[in-house]
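Each remark here refers to the structure printed beneath this line.
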Amino acid sequence: MRTQVAIIGAGPAGLLLSHLLHLKGIESVVLESRSREEIEATIRAGVLEQGTMDILTEAGVGERMKREGALHHGIELSFGGRRHRIDLSELTGKAITVYAQHEVIKDLVAARLAAQGSILFGVSEVSPQDIDTDNPSVSFLHAGEKHMLRADFVAGCDGFHGVSRPAVPESVRQDYQRIYPFGWFGILVESAPSSDELIYVQHERGFALVSTRSPTVQRLYFQCDPKDSVDNWSDDRIWNELHTRLENSDGWRVKEGKIFQKGIIGMRSFVSTPMQHGRLFLAGDAAHIVPPTGAKGMNLAVGDVKLLSRAIEAFYRKSSGELLAAYTDHALKRVWRAEYFSWWMTSMLHTFADASPFQQQLQRAELENVVNSRALSTALAENYVGAF
Ligand code: FAD
Ligand code: DHB
């Protein structure tokens, strides 16, 4: 088996890379360990930056997102019993769209298959080989048979737990990491949205977030112990916690409904550098992770593959390896800014068990500064919509 670019992983990074390369006449094969049904049903991100919407639209896969996604012009920050609106559009001229990641996945899979693109689902024992030569390959098992996919390049788009990052030798790799002492409990609820815009809540019992998915489904999160189990949380206990954290004296109430999905995610900041070694290039969560508070993860994955697809195109069209050589430097500039923003939002909005009373007062003062200073509100808004 031979192709131009062997792509490991059919998440947003791998599928979009395959599609962008196809639009430039470059062939790829995507190897995915899970089934199509699984990747199309995994509940994850929801917030798309303007730049992400633009790329999906330009690539011809934005039609359903435009129709079914909800354009949001602001977000709210809630603390000290009051809500404060950050007007994203007024401050930056841009907006965000709430459209579930698995819907983006469905749109990309449909586009790849409509163009006779090759995605192999349910592969195992995936292993990048000879990446420091001009003839790399990927070995894998599919339908019980061993295969070797030869390529010019290997793109590691296999998420944080994939096999691609470990293929970069430890001697050349530097990892930066912070693990947070809390997680997010996420639920999907059958009900109309409680709010037209996302509400990020700082509360002494912990962070909470009101988001949406559609006119009939809400997405809600609250800070929890990352080692907790969903079995410890009855629906009643969840609603009590959400009412306590989300509501104040203004009469607004979070809408209850049937909870049809529950899950706990851990939170970390992580960057691995370099994002390339020989003919292997990492993109998305394979190279970096952000805590979800800034809603940046999927957007970063999209940003990486935009750069990578251009660099690969330059290699084939102009025989130039310049953009490929600069890939890590170009990608990491944006990645570190998003790492900073996600860490900042996380620190400002979560409850830290070991925070001294002094630190708690500083946290409140920082929130007051952000909502009362146009300069600081603008900085938050620019980072949130991805204005750079
Ligand atoms: P992934 O989506 O992890 O895809 C990797 C793929 O590779 C998977 O399909 C996996 O099955 C496959 N794979 C793994 N190992 C192998 C292997 N060995 N061989 C073959 N295939 C393999 N981001 C945002 O931008 N906005 C948000 O609002 C947001 N909210 C989030 C909320 C939650 C609850 C979570 C968990 C994440 C959120 N994120 C958000 C982050 C976002 O979901 C990720 O950053 C994004 O999925 C990264 O895409 P990716 O393609 O790099 O990796
Ligand atoms: C969602 C997830 C996030 O991480 C975030 O910051 C905002 C919204 C969501 O899943 O809707």
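Remember, it's 1-based here, ligands and their atoms both numbered in the order they're listed. Along the sequence shown, the residues carry numbers beginning at 1. Predicted model, so just to flag it, every value in this text is computed and none were measured.
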Does one hydrophobic cluster hold both Leu113 and Val61, with members joined at side-chain heavy-atom distances below 4.5 Å?
yes
Would you indicate which of [options] comes nearest to [atom] when only heavy atoms are counted?
| atom | options | value |
| --- | --- | --- |
| atom 11 (O) of ligand 2 | Ser211, Gly46, Pro291 | Ser211 |
| atom 49 (O) of ligand 1 | Pro12, Ala286, Gly284 | Pro12 |
| atom 21 (N) of ligand 1 | Gly386, Ala10, Ser33 | Ser33 |
| atom 53 (O) of ligand 1 | Gly294, Gly159, Ala338, Ser164 | Gly159 |
| atom 6 (O) of ligand 2 | Tyr99, Tyr200, Tyr221 | Tyr200 |
| atom 27 (C) of ligand 1 | Gly14, Pro166, Ser211, Ala45 | Ala45 |

In terms of the angle between their ring planes, are [X] and [Y] parallel, tilted or perpendicular, with boundaries placed at 30° and 60°?
| X | Y | result |
| --- | --- | --- |
| Phe79 | His84 | parallel |
| Trp344 | Tyr340 | parallel |
| Phe207 | Trp184 | parallel |
| Phe352 | Phe182 | perpendicular |

Should [X] be counted as touching ligand 1, given the test is an N or O pair under 3.5 Å?
| X | answer |
| --- | --- |
| Met298 | yes |
| Val47 | yes |
| Gly46 | yes |
| Gly297 | yes |
| Pro292 | no |

Students should be able to answer this: which protein heavy-atom is nearest to [atom], and at what distance?
| atom | value |
| --- | --- |
| atom 4 (O) of ligand 1 | Gly11 CA, 3.4 Å |
| atom 14 (C) of ligand 1 | Asp158 O, 3.1 Å |
| atom 44 (C) of ligand 1 | Asp285 OD2, 3.3 Å |
| atom 3 (O) of ligand 1 | Arg44 NH1, 3.0 Å |
| atom 4 (O) of ligand 2 | Pro292 O, 2.6 Å |
| atom 19 (N) of ligand 1 | Val126 CG2, 3.5 Å |
| atom 42 (C) of ligand 1 | Gln101 OE1, 3.4 Å |
| atom 32 (C) of ligand 1 | Tyr221 OH, 3.6 Å |
| atom 8 (C) of ligand 1 | Glu32 OE1, 3.5 Å |

Would you say Gln218 and Ser194 are linked by a side-chain donor-acceptor pair, where the criterion is simply a distance under 3.5 Å?
yes
Is the closest side-chain donor-acceptor distance between Gln129 and Ser127 under 3.5 Å?
yes
Cation-pi between [X] and [Y]: NZ/CZ under 6.0 Å from ring centre and within 45° of the ring axis?
| X | Y | value |
| --- | --- | --- |
| Lys94 | Tyr384 | no |
| Arg213 | Tyr99 | no |
| Arg279 | Phe153 | yes |

Is it the side chain, the backbone, both or neither of [X] that has a heavy atom closer than 4.0 Å to ligand 1?
| X | answer |
| --- | --- |
| His161 | neither |
| Ile265 | side chain |
| Ile43 | neither |

Atoms of ligand 2 close to Thr293 [distance to a heavy atom under 4.0 angstrom, numbered from 1]:
6 (O)
Give the numbers and elements of all ligand 2 atoms closer than 4.0 Å to a heavy atom of Val47.
7 (C), 8 (C)
Hey, would you say the Trp343 and Tyr180 ring centroids sit under 6.0 Å apart?
no
Suppose we call two aromatic rings close when their centres sit under 6.0 Å apart. Are Trp233 and Phe222 close by that rule?
yes
Check the surroundings of atom [atom1] in [X]: do more than 12 heavy atoms from other residues, nucleotides or ligands lie under 6.0 Å from it?
| X | atom1 | result |
| --- | --- | --- |
| Phe260 | CZ | yes |
| Arg173 | CZ | yes |
| Gln177 | CD | yes |

Is Arg213 close enough to touch ligand 2? Criterion: a residue heavy atom under 4.0 Å from a ligand atom.
yes
Is the shortest distance from a heavy atom of Gly186 to ligand 1 less than 4.0 Å?
no
Measure the shortest side-chain to side-chain distance between Thr293 and Met267 over non-hydrogen atoms and say whether it is less than 4.5 angstrom.
yes
Can you tell which part of Trp184 has a heavy atom less than 4.0 Å from ligand 2: side chain, backbone, both or neither?
side chain
Just let me know how Val98 lines up against ligand 2, side chain, backbone, both or neither, with a heavy-atom cut-off below 4.0 Å.
neither
Has Asp87 got a side-chain atom pairing as donor or acceptor with Gly74's backbone, closer than 3.5 angstrom?
no
Pairs of nitrogen or oxygen atoms closer than 3.5 Å, one from Thr212 and one from ligand 2: do any exist?
no
